[in-house]
Amino acid sequence: EPEVTQTPSHQVTQMGQEVILRCVPISNHLYFYWYRQILGQKVEFLVSFYNNEISEKSEIFDDQFSVERPDGSNFTLKIRSTKLEDSAMYFCASSSQDTQYFGPGTRLTVL
Amino acid sequence: GQQLNQSPQSMFIQEGEDVSMNCTSSSIFNTWLWYKQDPGEGPVLLIALYKAGELTSNGRLTAQFGITRKDSFLNISASIPSDVGIYFCAGETNFGNEKLTFGTGTRLTIIP
């Protein structure tokens with residue numbers, strides 16, 4: 001069964017550094033999303049992406065965040081200058097009709 | 001913003017027992033979804049509900065989309081050890097391909 005994949009599974013970085021989290025959505029899906037989950041809390045929407053542009057973003061998704069689909073398969077989330085409070089699980093999701101399928105997540109730890 | 005409140009926050013049950021949890025919102029959602037999350041993994045979709053009043057089953061799981069479109073419940077019958085995890089409801093304001101608003105989660109623990 002097709003699935004969303006994410007790399008790396010765990011990323012440790014120093015505060016102020018840039019990180020890029022990578023996702024490979026399910027191949028025939030057209031809608032892509034990033035969510036985050038701070039430890040012990042609920043999953044929160046960050047951004048949705050369709051037709052090579054952002055379709056919606058949350059208040060969390062400020063100027064430090066950007067997304068890109070650099071080729072036909074990858075979907076990336078970049079955090080330009082990480083802060084301690086960016087430490088969380090980051091989940092990529094994709095959909096074609098109604099249902100969003102989630103990847104296994106990248107655990108980002110900012111020191 | 002929109003908030004989804006789940007109850008109970010946690011449950012401790014014996015294997016074989018039935019489980020019931022619910023999700024309420026102050027605003028209307030037109031799609032309700034139930035996801036399960038195992039430790040260190042992403043949410044996995046269990047059941048999707050698209051119509052007010054709809055009752056849908058998936059094996060031992062049954063979920064209903066409330067008539068008011070402001071609530072949903074999930075039942076698990078005859079629980080087994082692999083049911084352990086965190087269950088999240090999620091709502092979507094329109095129909096498909098937009099952001100999900102997640103609930104606060106219900107942690108299910110099975111006592112041996």
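The analysis underlying the following values was restricted to heavy atoms, covering all of them including side chains, and did not include hydrogens, waters or symmetry mates. Quick note on labels: first sequence line is chain A, next is B, and so on, each numbered from 1.
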Looking only at atom types and distance, does a side-chain atom of B:S72 sit under 3.5 Å from a main-chain N or O of B:W32, one as donor and one as acceptor? no
Under the side-chain hydrogen bond (donor to acceptor under 3.5 Å, both in side chains) criterion, do B:S25 and B:D71 qualify, and how do the steps go? CA-CA 6 Å; B:S25 169; B:D71 63 328; over 6 Å; no
Do A:Q17 side-chain atoms and A:Q14 backbone N/O form a donor-acceptor pair below 3.5 Å? no
Checking one residue: B:F73. Which other hydrophobic residues are in its cluster under the side-chain 4.5 Å linking rule? B:L55
Show the atom names and distances, to 0.1 Å, of all donor-acceptor pairs under 3.5 Å that link a side chain in residues 103-111 of chain A to residues at least two apart or in another chain.
from, atom 1, to, atom 2, distance (Å)
A:T106, OG1, A:P8, O, 2.5
A:T109, OG1, A:H10, NE2, 3.1

Taking side chain as everything from C-beta outward and backbone as N, CA, C, O, which of these in B:L100 sits under 4.5 Å from a heavy atom of chain A? Side chain, backbone, both or neither. both
So what's closer than 4.5 Å to chain A heavy atoms on B:Q37: side chain, backbone, both or neither? side chain
Taking only residues two or more places apart in sequence or in another chain, which ones pass side-chain contact (heavy atoms from CB on, under 4.5 Å) with B:S20? B:N75
Under 4.5 Å to a heavy atom of chain B? For A:S95 that would be both
Under 4.5 Å from any heavy atom of chain B - which part of A:S96: backbone
What parts of residues 49-62 of chain A touch chain B if we use heavy atoms and a cut-off under 4.5 Å? A:E56
Contact part of A:Q37 toward chain B, heavy-atom cut-off under 4.5 Å: side chain, backbone, both or neither? side chain
For B:K70, is there any backbone N or O sitting under 3.5 Å from a side-chain donor or acceptor partner on B:T68? yes
A:D71 bridged to A:R69 by N-O distance under 4.0 Å: no
